[in-house]
Amino acid sequence: MTHRHPRQMNQTEWLREVWQDRLTLEELTGGIVQGMSYAFGEYYPEQVEALCAMGIQYSRTVESTGSFALPQELLRWKPTCHHNDKLLERAEKFLHVPGYQKMPLFYIWGHSFEFERENTWPLMEQLAEKLHGAQDIWYATNGQIADYLTALRSTRESADGKRLYNPSAQPIWFVADGKVRVAEPGKLCEM
């Protein structure tokens, strides 16, 4: 609403800020807002806990990891890097991630106004050229990734490891016996 520093507000002010943002954005888009970023990368633990009650499923921090690991906590989602932090070098590493690193995520954060201010539009174009056309990359929004990870983490496997149940409403992809398979929504499948 006002992009104030979270640590300069009391809990009631901060809750009102997030709730009003959600109401306004949903009115403007006609959609459902389920994610956000922490203003200035600041937050208190009790603010994180309050997000679930407001329907927020994920929130990005500014704590870059430099890695391609999936987020452990969606409400404290740590990106790979800022868009002006060794971006092309990281993209090259991402394109050649070792096979043992399953489901790597290259999460770049930044603000569009920074492209003009820091003259990084050419850098973004170089990144797009480098990653364009890769057959095994899923170009996704934060919401799509959060929804997939939530669905993936909700799957249930039989004790003998031969069956997988997908209780979610979206397909879940996995590899078994060297073959790519899919667990259809609401179905039990053989592995």
Side-chain angles (χ1 to χ4, degrees), residues 1-87 90 94 103-121 123-124 127-128 138-156 166-172 185-186:
M1 189 169 71
T2 62
H3 204 63
R4 289 174 58 197
H5 287 269
R7 292 184 177 175
Q8 296 176 358
M9 292 184 271
N10 65 39
Q11 184 77 339
T12 302
E13 290 174 310
W14 185 81
L15 290 168
R16 189 179 309 116
E17 180 92 2
V18 173
W19 190 252
Q20 189 58 54
D21 282 343
R22 185 171 177 211
L23 287 169
T24 301
L25 290 169
E26 288 181 354
E27 179 68 28
L28 286 170
T29 65
I32 296 175
V33 171
Q34 66 175 7
M36 58 176 265
S37 297
Y38 296 104
F40 304 99
E42 296 180 356
Y43 57 89
Y44 285 119
E46 58 271 14
Q47 292 171 328
V48 175
E49 301 307 318
L51 292 177
C52 288
M54 292 192 287
I56 301 297
Q57 304 298 313
Y58 64 88
S59 189
R60 178 196 41 83
T61 72
V62 296
E63 303 161 50
S64 297
T65 64
S67 80
F68 305 119
L70 294 172
Q72 293 180 6
E73 295 180 77
L74 289 172
L75 288 171
R76 289 182 182 93
W77 194 340
K78 297 176 182 177
T80 303
C81 64
H82 186 269
H83 81 269
N84 63 7
D85 179 18
K86 302 177 189 171
L87 190 61
R90 293 184 197 281
F94 177 70
M103 292 180 54
L105 173 63
F106 187 19
Y107 185 162
I108 306 159
W109 77 276
H111 304 90
S112 58
F113 71 82
E114 293 173 312
F115 300 156
E116 193 71 33
R117 182 182 74 192
E118 298 167 12
N119 193 30
T120 52
W121 277 113
L123 177 64
M124 298 311 294
L127 175 70
W138 177 32
Y139 305 92
T141 66
N142 291 357
Q144 290 171 318
I145 294 167
D147 286 346
Y148 188 83
L149 289 176
T150 299
L152 177 65
R153 292 170 179 168
S154 74
T155 60
R156 299 179 202 131
N166 176 8
S168 77
Q170 68 181 67
I172 299 295

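When a residue number appears, it is its place in the shown sequence, counting from 1.
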Interatomic distance, [X] atom [atom1] to [Y] atom [atom2] [nearest 0.5 angstrom]:
| X | Y | atom1 | atom2 | value |
| --- | --- | --- | --- | --- |
| Cys81 | Tyr107 | SG | OH | 11.0 Å |
| Ser64 | His82 | OG | NE2 | 8.0 Å |
| Ile32 | Gln57 | CD1 | CD | 10.5 Å |
| Gln72 | Lys78 | CD | NZ | 7.5 Å |
| Tyr44 | Met9 | OH | CE | 10.5 Å |
| Met36 | Glu17 | CE | CD | 9.5 Å |

Closest approach of [X] and [Y], non-hydrogen atoms and distance?
| X | Y | answer |
| --- | --- | --- |
| His83 | Gly110 | ND1-CA, 3.9 Å |
| Thr155 | Pro167 | CA-CD, 3.9 Å |
| Arg22 | Val33 | NE-O, 3.0 Å |
| Pro79 | Thr61 | CD-O, 3.5 Å |
| Gly35 | Ile56 | CA-CG2, 4.2 Å |
| Asn84 | Glu118 | ND2-OE1, 2.8 Å |

Look only at the side chain of [X] and the backbone of [Y], and say whether a donor-acceptor pair between them is shorter than 3.5 Å.
| X | Y | value |
| --- | --- | --- |
| Thr120 | Leu123 | no |
| Thr80 | Ser67 | yes |
| Arg7 | Tyr43 | yes |

Positive for side chain to side chain donor-acceptor pair (under 3.5 Å) with Thr24, one of Glu26, Gln20, Glu27
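By the side chain to side chain donor-acceptor pair (under 3.5 Å) criterion, Thr24 pairs with just one of Glu26, Gln20, Glu27: Gln20.
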Check Asn142, Leu51, Val18, Leu74 against Ser59 for a side-chain contact (heavy atoms from CB on, under 4.5 Å) and give me the one that passes.
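Among Asn142, Leu51, Val18, Leu74, the one meeting side-chain contact (heavy atoms from CB on, under 4.5 Å) with Ser59 is Leu51.
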Checking side chain to side chain contact (heavy atoms under 4.5 Å, CB included) for the pair Met103/Tyr148: CA distance, chi angles, key distance, verdict?
CA-CA 12 Å; Met103 292 180 54; Tyr148 188 83; 4.0 Å; yes
Please list all pairs passing the ring pair (Phe, Tyr, Trp, His ring centres under 6.0 Å) test where one or both residues lie in residues 50-74, with sequence neighbours left out.
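Found Tyr58-Trp77, Phe68-Phe94, Phe68-Phe106.
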Distance alone, cut at 3.5 Å: any donor-acceptor contact between the side chains of Gln170 and Asp147?
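Gln170 vs Asp147: no donor-acceptor pair found between side chains.
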My understanding is that only residues two or more places apart in sequence, or in another chain, count here; which of them pass side-chain hydrogen bond (donor to acceptor under 3.5 Å, both in side chains) with Gln47?
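None.
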side-chain contact (heavy atoms from CB on, under 4.5 Å) partners of Thr12, counting only residues at least two apart
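Residues passing side-chain contact (heavy atoms from CB on, under 4.5 Å) with Thr12: Asn10, Arg16.
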Set out, in order, the CA-CA distance, both residues' side-chain angles and the distance that settles side chain to side chain contact (heavy atoms under 4.5 Å, CB included) for Phe40 and His3, then state yes or no.
CA-CA 8 Å; Phe40 304 99; His3 204 63; 3.6 Å; yes
Do the side chains of Pro71 and Leu105 get nearer than 4.5 Å, heavy atoms only?
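Sidechains of Pro71 and Leu105: in contact.
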Trace of the side chain to side chain contact (heavy atoms under 4.5 Å, CB included) decision for Cys52 with Leu75:
CA-CA 9 Å; Cys52 288; Leu75 288 171; 3.5 Å; yes
